[in-house]
Amino acid sequence: MTDDRMRGDKLLCEIFKSPAKEEMYLYVDKRQGLAEVPEALLEHFGKPISAMTLILTPEKRLGRAQAGDVMAAIREKGYYLQMPPAKEEYLLDLYRVPTEARY
């Protein structure tokens, strides 16, 4: 990615959500779209659903990522993949052991 417009402190970003995995998001440069995203990743991600478009700046507040890190990944690789948050260990136990209703 050598486009001079990507070297500034702002980046027009499109965010896609995954239909295959809850809370998985793909951030890309709006002008590039999904062109730089590897085909294998798109197969795992599912058909991307556009969630929003926003202007990223290094100081922008994001929920689970640093905007500067997202911008750097988009500039280097062409995308940033946000994985779902890890489940707490005690929550995983709820899924492993069936529960029984008690009165």
Side-chain angles (χ1 to χ4, degrees):
M1 301 259 153
T2 59
D3 189 338
D4 287 338
R5 295 174 295 180
M6 291 186 67
R7 295 182 190 191
D9 61 347
K10 294 182 181 178
L11 180 78
L12 184 61
C13 177
E14 185 164 11
I15 303 170
F16 294 93
K17 68 178 185 174
S18 170
K21 189 89 169 164
E22 195 172 320
E23 296 189 61
M24 181 184 284
Y25 294 92
L26 191 57
Y27 294 65
V28 298
D29 182 319
K30 174 87 172 163
R31 296 165 306 192
Q32 301 289 328
L34 299 167
E36 301 291 324
V37 181
E39 189 63 37
L41 174 56
L42 287 174
E43 286 177 19
H44 179 70
F45 190 81
K47 184 177 180 180
I49 300 167
S50 182
M52 73 174 72
T53 300
L54 55 89
I55 296 174
L56 285 181
T57 61
E59 55 279 338
K60 177 92 173 162
R61 294 183 59 122
L62 299 174
R64 292 194 317 243
Q66 298 293 323
D69 295 339
V70 173
M71 293 171 69
I74 292 172
R75 288 178 173 141
E76 291 170 20
K77 302 187 298 188
Y79 67 93
Y80 174 84
L81 179 65
Q82 179 178 298
M83 298 297 290
K87 301 286 185 206
E88 295 291 334
E89 185 63 31
Y90 73 91
L91 290 175
L92 293 176
D93 289 339
L94 294 175
Y95 295 106
R96 289 185 201 132
V97 180
T99 58
E100 177 181 307
R102 296 183 185 153
Y103 298 97

Between [atom1] on residue [X] and [atom2] on residue [Y], distance to nearest 0.5 Å:
{"X": "H44", "Y": "E39", "atom1": "NE2", "atom2": "CD", "answer": "14.0 Å"}
{"X": "I55", "Y": "K60", "atom1": "CD1", "atom2": "NZ", "answer": "8.5 Å"}
{"X": "R75", "Y": "L11", "atom1": "CZ", "atom2": "CG", "answer": "5.5 Å"}
{"X": "K30", "Y": "I74", "atom1": "NZ", "atom2": "CD1", "answer": "13.0 Å"}

Quick check: is [Y] connected to [X] through a chain of hydrophobic side chains (ILVMFWY, heavy atoms under 4.5 Å apart)?
{"X": "L81", "Y": "L34", "value": "yes"}
{"X": "Y80", "Y": "Y25", "value": "yes"}
{"X": "M83", "Y": "V28", "value": "yes"}
{"X": "V37", "Y": "I49", "value": "no"}
{"X": "F16", "Y": "Y27", "value": "no"}

Shortest non-hydrogen contact between [X] and [Y], atoms and distance:
{"X": "A67", "Y": "P58", "result": "CB-O, 3.9 Å"}
{"X": "T57", "Y": "K10", "result": "CG2-CG, 3.7 Å"}
{"X": "E36", "Y": "G78", "result": "CB-CA, 3.7 Å"}
{"X": "P85", "Y": "R64", "result": "CD-NH1, 3.4 Å"}
{"X": "P84", "Y": "E22", "result": "CG-O, 3.3 Å"}

Subject >> Side-chain donor or acceptor of S18 paired with backbone N/O of F45 under 3.5 Å >> reply: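 Flag set: sc S18 to bb F45 pair under 3.5 Å.
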
Taking the side chain as every heavy atom from C-beta outward, state whether [X] and [Y] have any pair of such atoms under 4.5 Å apart.
{"X": "L62", "Y": "L56", "result": "yes"}
{"X": "L42", "Y": "L26", "result": "yes"}
{"X": "K17", "Y": "M24", "result": "no"}

Original post:
Around atom CD of E23, are there more than 12 heavy atoms of other residues, nucleotides or ligands at under 6.0 Å?
Top reply: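 Yes, enclosed.
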
